[in-house]
Amino acid sequence: MKTFCGRANPTTGSMEWLEEGEDYDYHQEIARSRYADMLHDKDRNVKYYQGIRAAVSRVKERGEKAIVLDIGTGTGLLSMMAASAGADFCYAIEVFKPMANAAVKIVEKNGFSDKIKVINKHSTEVTVGPDGDMQCRANILVTELFDTELIGEGALPTYEHAHKYLVQEGCEAVPHRATVYVQLVESRRMWSWKKLFPVHVEAEDGEKILVPPSEMENCPGLASVCDIQLNQMPSSDFSTLSDVVKMFSVDFSKPVQSASTCYRVQLEPVKSGKAQIVLSWWDIDMDPSGMINCSMAPYWVKPTSALQWRDHWMQCVYFLPREEPVLQGEKLSLTACRDEYSVWYSLQKARAEEEEHKADVCVESPVCRCRAHLLWNRPRFGELNDPSRTRRYIESLRKVLKTDSVCLCISDGSLLPVLAHYLGAKQFPRHAGSGCMQPSRIDLYHPHELWQAFFKANNLEDKIKIIEARPELLKPSHLEDKKISVLVGEPFFTTSLLPWHNLYFWYARTAVSSHLASNVTVLPQSASLHMMIVQFQDLWRIRSPCGICEGFDVQTMDDMIKESLNFRESKEAEPHPLWEYPCKSLSEPQEVLTFDFTKTVPQHCLSTEGSVKLLRKGKSHGAVLWMEYHLTADISVSTGLMQLSNEKGNCEWNPHCKQAVYFFSSVIESEILSDPTAVTYDIKFDTKTGEIAMDFKL
Ligand code: SAH
């Protein structure tokens, strides 16, 4: 069987459907899965084990047989814990076939085949009865179906069904209960992920302020959860306006309702400020007493010593529909609404008592009306709102633009054309002094309306022309028969996954060559690929074998992940936002390839070989790669490393971009030696495919 996989082509900036064998999907799923991360989550595993032991004892004390239902067994871990704790029989349900197969092997290897039956089905398909999948209903329900938002992986409908059809009344559930906590905060940094702030431009004829249209100001944004490693957010980047409050709880030992509902809590701000963000996380009590608690609380709520790093459960950032000034001690209520899979929040100034008891009017799930939240994702909003980045573009545009410049911008959802207009291209206000092409997203989100609103709000209607054509289809008429004197790009394209995919700018530049004036200025003039060897503080766990987990041999899983990672002949780099994943540099950052945008894309591949010395003591987990754009001879922007503290090798990464991480298949430990260890690399940019292949030898 063949499957079709959507993939952006970095040479055309558009999505293409590639035919892949049936193995492809499956290997992707396994290789990028969170199973390794979960198996390394000691805190989670220990507490599940304690909770399961306690539940089995409670059932046994009642003189009953302990029959366990484990929904979403994965490796079979929780069922093996139950069997070891004395359960009489376990039904281990797993919908994902490769995992169900692995669970069978793991259960057998650990000697539990007679106690655990693995059923490869979705739990809602499981039957009970003499001829069914289960002989009888279970009296212990064990699951781990939670995501960062708790309910995003469908825990509620699964529980609802299980209580109706698969477990006995009064069953023991592990976890017993989940509680969602919230805290109201003000944070310019996080608010900049949702709103576009005004952009100030010092132009020759005075200061210009670029403002977002009113539709954007009042837009609730998107419903999709924003999950981040909140423990990497320094306390100087936000200010807490309320205490931590319990928002709602779910008791998993009783029938669960998945239908949409709202919860409301009273809040009194501990400080006056602008309510913008609701930070949220949850904890689970493994037993009814609440003595076995597994919490996602961030560092300022929980002592650091107790923090367990994990990537499969993080914390949530919710954006209030609009910013609300609040006063210390004022009476507020915060409403959480949820449907089966997601949660959203709104804040109300206190109402009269009687109104409080009125039937809850659920606020609708947020839907972006202004289109900006469809065009720009949250990191992209942050990037556009970054004043020091904007300053560099302004400075470099000021250097290259003249009053009679004909400027073409090629980037998705870029503000550069507006900046370019303010800084030059003034002489022909009635003509298209500045044009912009937005190659990747045109067909998907029709950002045209957004731009019209944007131009209108800033009186730019006839100043900037949006050209809805792919670069290779650009015609002289689009440019009013003028030649382009300044070609600009950030470059940024929404289809890019890895840093070098934005090299699509180079391909587009090549495609529009015939429209460029002979003395054209291209900004950025060039780009460079940089590389550094690092030791991760924690991220290594997601790709590291686990071996034995709480006494159970899960090597079968390790082997499966390894096989999937090696599925492609050459391993691939993967994108990660490294501001969330601290690492220490073990080598100097090194420039490995350069791309000259003043010339067209060459026919031949660009490749480089060399070696990097490991200068610091540590474990080499992998290489990080990123792009730097040289806007002019002396102004650059980095999408990767921003700063490196030389003593300890601590890195500061661009907070708006993902960097490429290439995990080494084996880790080497370097000592400081007079003759430092060297890592050799072989990196090749294939100009035909726009992809970069790499190989490292340690
Ligand atoms: N229980 C394991 C794995 C948890 S990951 C552990 O704790 O280590 C959750 C697993 O549940 C995934 O493998 C997913 O495929 C499976 N799953 C989720 N919902 C399910 C459902 N309703 N029925 C069967 N499997 C489900």
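Model, not experiment: these values are computed from the prediction. The figures that follow rest on heavy atoms only: side chains count, while hydrogens, waters and symmetry mates do not. Atoms within each ligand, like the ligands themselves, are counted from 1 in listed order.
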What I want to know is whether Ile71 and ligand 1 share at least one N or O pair that is separated by under 3.5 angstrom. no
Taking only Lys NZ, Arg NE, NH1 and NH2, and the carboxylate oxygens of Asp or Glu, determine whether Asp558 and Lys562 approach each other closer than 4.0 Å. no
Does the pair Asp133/Lys121 count as a salt bridge with the N-to-O cut at 4.0 Å? yes
For atom 12 (C) of ligand 1, grab the closest protein heavy atom and report residue, atom and distance to one decimal in Å. Tyr35 OH, 3.4 Å
In plain terms, say whether Asp559 and Lys105 are close enough for a salt bridge, that is, a side-chain N and a carboxylate O under 4.0 Å apart. no
Below a 4.0 angstrom heavy-atom separation, can you tell me which part of Tyr48, side chain or backbone, both or neither, approaches ligand 1? neither
Closest protein heavy atom to atom 2 (C) of ligand 1, given as residue, atom name and distance to 0.1 Å: Thr73 O, 3.2 Å
For atom 20 (C) of ligand 1, closest protein heavy-atom neighbour: Leu145 CD2, 4.0 Å
Is Arg137 paired with Glu169 through a side-chain N to carboxylate O contact shorter than 4.0 Å? no
Kindly say whether the aromatic ring centers of Phe381 and Trp376 come within a distance under 6.0 Å. yes
Is it true that Arg310 and Asp41 have a side-chain N and a carboxylate O under 4.0 angstrom from each other? yes
Nearest 0.5 angstrom please: Cys546 SG to Ile561 CD1, how far? 9.0 Å
Check ligand 1 against Thr158 and write out every atom of the ligand that is under 4.0 Å from a heavy-atom position of the residue. 22 (N)
Looking only at protein heavy atoms, identify the closest one to atom 9 (C) of ligand 1 and say how far it is in Å. Glu144 O, 3.5 Å
Check this for me - ligand 1, Gly72, N or O atoms closer than 3.5 angstrom, yes or no? yes
Which ligand 1 atoms, with their elements, are less than 4.0 angstrom from a heavy-atom of Ser123? 21 (C), 22 (N), 23 (N), 24 (C)
Using heavy-atom distances only, which candidate in Met38, Met81, Glu94, Met99 approaches atom 14 (C) of ligand 1 most closely? Glu94
Does only the side chain of Val95 get under 4.0 Å from ligand 1, or the backbone, or both, or neither? Count heavy atoms. both
Measure the distances from the heavy atoms of Lys121 to every atom of ligand 1 and state whether one is below 4.0 angstrom. yes
Hey, is ligand 1 close enough to His122 that some N/O pair sits below 3.5 Å? yes
Is the Tyr263 ring parallel, tilted or perpendicular to the Phe248 ring (thresholds 30°, 60°)? parallel
Are Arg44 and ligand 1 in contact, using a heavy-atom cut-off of under 4.0 Å? yes
Rounded to the nearest 0.5 Å, what separation is found between the OG1 atom of Thr335 and the CZ atom of Arg264? 4.0 Å
Contacts of Arg62 that satisfy side chain to side chain donor-acceptor pair (under 3.5 Å) - sequence neighbours left out: Glu64, Glu172
Near Gly74 (heavy-atom distance under 4.0 Å), the atoms of ligand 1 are 3 (C)
